[in-house]
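Step one of this worksheet: look at the structure below.
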Amino acid sequence: MAINWFKYAAPTNFYGLAGKLIPWFAGFSLVLFAAGMYIGFFVAPADAQQGEFYRIIFIHVPTSILSMVLYMVMAGYAALGLIFNTRLSAMMASAIAPTGALFAFISLWTGALWGKPMWGAWWVWDARLTSELILLFLYLGFISLHASIDDPRRADRASALLAIVGSVNVPIIYFSVKWWNTLHQGSTIKFSGTSMHVAMQQAMFTMLAALWLYALAVVLARVRSIILERERHTHWAQEVAA
Amino acid sequence: MKLLVLVIRRDLMLAMRRRADVLTTLFFFVMVVSLFPLGVGPEMDMLRKMAAGVLWVAALLSSMLSLGRLFATDYLDGTLEQMLLAPQSLSMLVLGKMIAHWMVSGLPLVLMAPVLGLQFDMSVQALGILIVGLLLGTPILSMIGAIGAALTLGLRGGGVLLSLLVLPLCIPVLIFGTGAVEAIANGQSVASHLSLLGAVLVLALVFTPWVTAQALRISME
Amino acid sequence: MLEVTKLACSRGDHRLFSGLSFRLEPGQILQVDGANGSGKTSLLRALCGFLMPDEGEISWGGISTAKMEEEFYAKILYLGHLNAIKDDLNALENLRIAAGISGCLLDEQQAVSALQRMGLRGRERLPTKVLSQGQRRRVALARLLVNQAKLWILDEPLTALDVGAVHLIETLLMEHLARQGMVIFTTHQPLQVPGLRTLSLS
Amino acid sequence: MIWASWNDFWAMGGYGLYVWGSYSVVALVLLLEVRAAGQRQRRAIAQVHEHKEDTDI
């Protein structure tokens with residue numbers, strides 16, 4: 001029985017599929033959250049230099065990684081939506097943006113709280129934190145452009161183009177900020193993965209998986225709402241929303 | 001090629017008929033730069049250190065200011081529609097508009113920068129590098145700004161939204177431009193900074209006209 | 001030859017028309033009529049490629065216009081509600097620039113004679129912002145005289161025109177049709193041209 | 001269990017403010033996002049019903 005995957009490219013079919021997947025993603029995400037927190041707080045030992053406050057990285061590092069990955073995934077969907085004119089990809093792009101922006105904000109917040117005991121200041125113009133701040137601006141640009149255009153079709157296509165231009169610029173920005181940072185302060189301490197205790201690594205990857213599944217669940221839920229909003233005048237919507 | 005020259009001549013002719021708009025961009029640039037010593041204090045060594053940064057940020061803001069009009073007036077009176085129907089490539093036409101915008105808003109900044117640089121007691125070499133940096137950098141601001149102007153065509157809060165979209169993308173230009181001036185001040189070589197700026201300029205020259213053309217088609221739907 | 005098959009357009013999520021098919025042969029003139037908001041302008045804008053239709057195909061000589069792009073643009077002349085003239089420039093500059101952008105370079109003499117034929121003698125060098133609405137429409141319509149487009153797409157060309165100008169437009173249309181040109185247009189005022197076909201949207 | 005007692009756990013080696021400050025904000029933000037997504041879904045369904053009344057008249 002060959003599953004015709006293209007059937008799910010249609011927003012209306014995707015609505016049902018997403019509905020079935022969300023509980024699984026949400027459930028596994030909670031399980032992994034619990035596991036990650038347990039390993040992170042009850043198994044991983046204190047760090048030699050940083051004592052106990054290093055445990056913030058179990059949230060800071062995964063959210064930074066995911067905020068970047070989600071931006072690229074968003075730009076990918078945006079490109080698909082523009083090139084193949086598929087409405088579902090455009091909806092996915094605008095569904096990912098808020099979650100990506102929140103991850104960028106969380107990464108900045110936890111970065112600041114980690115920076116205070118580490119470097120003695122709430123905000124340090126460290127290369128990673130600065131690039132994360134710029135990534136947050138790119139997200140806000142995407143969201144506000146999409147919000148300020150009334151016609152949904154133009155909103156999707158305009159913000160998609162912005163996401164693609166943004167994704168081309170992200171590496172340039174990351175490089176130039178790192179260049180700018182080494183120019184002024186010399187490179188900050190590298191938190192290389194190898195020197196970390198194995199339990200720390202496990203906690204980090206578990207939290208990363210948990211956050212990734214969480215993002216999937218929230219994005220799918222949001223895309224379902226977007227599909228419903230866009231199809232509200234169709235009979236299909238009336239049946240689904242009965 | 002003829003279309004490019006035609007569009008540049010057209011936009012320059014229009015700009016000359018509305019000379020005031022050209023001057024407002026320049027006056028804004030001068031005013032913003034002159035505000036900083038009032039805010040930070042007159043100590044010369046402090047001002048010298050931040051001169052490049054102040055001039056570059058002011059250049060960034062004043063080119064944002066005039067970007068709104070790049071397509072807006074043509075959109076309102078219907079000439080933009082006719083441009084979209086031009087039998088030559090729209091990218092070439094858009095490149096013409098970008099060049100015309102740069103000549104009206106970017107070039108005056110470059111010419112005015114040395115005068116303002118003296119206010120900040122910049123050394124002659126630093127001024128020289130600043131001008132070369134601005135010459136390479138301001139066209140990039142016009143080109144990336146044109147993408148924002150095309151995307152926010154006809155939207156309510158267009159001006160502010162335009163800056164929110166475009167400024168993050170201009171950060172590398174700001175970093176390389178100011179970095180070059182700082183390098184010369186510390187006696188290091190500026191080759192790397194300016195070559196990076198040149199690389200971004202070439203990248204922008206190749207991609208932004210096409211992207212802006214796509215943005216215009218999307219906005220004109 | 002322009003052919004439209006099963007075209008459907010919508011504005012926002014409101015469907016304007018669907019299943020629209022018609023053909024336009026050289027030398028033919030077609031008027032699109034329908035109540036306000038029935039999608040007349042959207043149809044013309046879809047033909048120009050401004051509006052992406054939901055369904056249906058627009059082809060020119062058998063080739064889809066979406067694929068032809070610039071090649072198709074050389075074949076058409078579109079005149080919308082907006083006059084597409086710059087207020088700061090005078091009529092002469094406007095006409096020469098508009099012609100230049102649409103691909104045919106015009107010397108001063110040709111432009112002046114076109115403007116004079118449109119009844120703008122003596123006003124060629126005045127900034128268009130001082131001209132009346134009717135005169136500005138004449139400046140916009142002067143482009144009909146100076147281009148080689150085969151298909152004219154005119155959206156209410158007669159707005160703000162006096163009786164004299166309407167007759168002038170009618171003669172221009174007939175000359176264009178005589179040269180095996182094609183016209184598709186909308187209008188709220190009557191227009192007498194032999195061989196006029198109408199396509200109703202409502 | 002690496003913590004001597006529960007209040008050692010909360011103290012987090014003197015850095016409790018920073019660790020729990022960040023984790024509580026993270027939990028808050030994620031919960032708010034989930035709630036917002038739920039609200040948006042309910043509003044979308046309500047919009048469909050509203051639209052249904054319009055077409056019925």
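Throughout, a chain's letter reflects where its sequence line sits, starting with A, and its residues are numbered from 1. Please read these numbers as outputs of a predicted model, since none were measured by experiment.
Contact of the B/Ile171 side chain with the A/Asn169 side chain is not registered, since no non-hydrogen atoms from C-beta on lie closer than 4.5 Å. Looking at B/Arg156 and A/Ile149, their side chains never come closer than 4.5 Å, going by heavy atoms from C-beta outward.
Within a 6.0 Å sphere centred on CE of B/Met103, other residues, nucleotides and ligands contribute 12 heavy atoms or fewer. Heavy-atom contacts from other residues, nucleotides or ligands closer than 6.0 Å to CH2 of A/Trp109 number 12 or fewer. The local environment of OH in A/Tyr77 is sparse, with at most 12 non-hydrogen atoms from other residues, nucleotides or ligands closer than 6.0 Å. Within 6.0 Å of the CE atom in A/Met72, the count of heavy atoms belonging to other residues, nucleotides or ligands exceeds 12.
When A/Arg157, A/Arg153, A/Arg154 are compared by the number of non-hydrogen pairs under 4.5 Å with chain B, A/Arg154 comes out ahead. By number of non-hydrogen pairs under 4.5 angstrom with chain B, the leading residue of A/Leu145, A/Ile172, A/Ile134, A/Ile173 is A/Leu145. Note: B/Leu153 leads B/Leu153, B/Thr152, B/Leu174 in heavy-atom pairs under 4.5 Å with chain A. For the set A/Trp179, A/Phe137, A/Phe142, A/Phe175, the count of heavy-atom pairs under 4.5 angstrom toward chain B peaks at A/Trp179. When the candidates A/Gly141, A/Ser148, A/Gly166 are compared by the number of heavy-atom contacts under 4.5 Å with chain B, A/Ser148 comes out ahead.
Contacts from residues 181-219 of chain B to chain A, taken as heavy-atom pairs separated by less than 4.5 Å, involve B/Glu182, B/Ser192, B/His193, B/Leu196, B/Leu203, B/Val211, B/Gln214, B/Ala215, B/Ile218, B/Ser219 in sequence order. Contacts of residues 32-43 of chain B with chain A at a heavy-atom distance below 4.5 Å are absent; not one residue qualifies.
Annotation: the span from A/Ser159 atom OG to B/Leu151 atom CG amounts to 9.0 Å, rounded to 0.5 Å. Atom NZ of A/Lys178 sits about 11.5 Å away from atom CD1 of B/Ile175, to the nearest 0.5 Å.
Using a 4.5 Å cut-off between heavy atoms, B/Leu161 contacts chain A through its side chain alone, with no backbone atom that close. Heavy atoms closer than 4.5 Å to chain A are found nowhere in B/Leu162, neither backbone nor side chain. Using a 4.5 Å cut-off between heavy atoms, A/Asp151 does not touch chain B at all. If you measure heavy-atom distances from A/Leu82 to chain B, the contacts under 4.5 Å come from the side chain alone. Both the backbone and the side chain of A/Val177 come within less than 4.5 Å of a heavy atom of chain B. Both the backbone and the side chain of B/Leu169 come within contact range of chain A, each with at least one heavy atom under 4.5 Å from a heavy atom of that chain.
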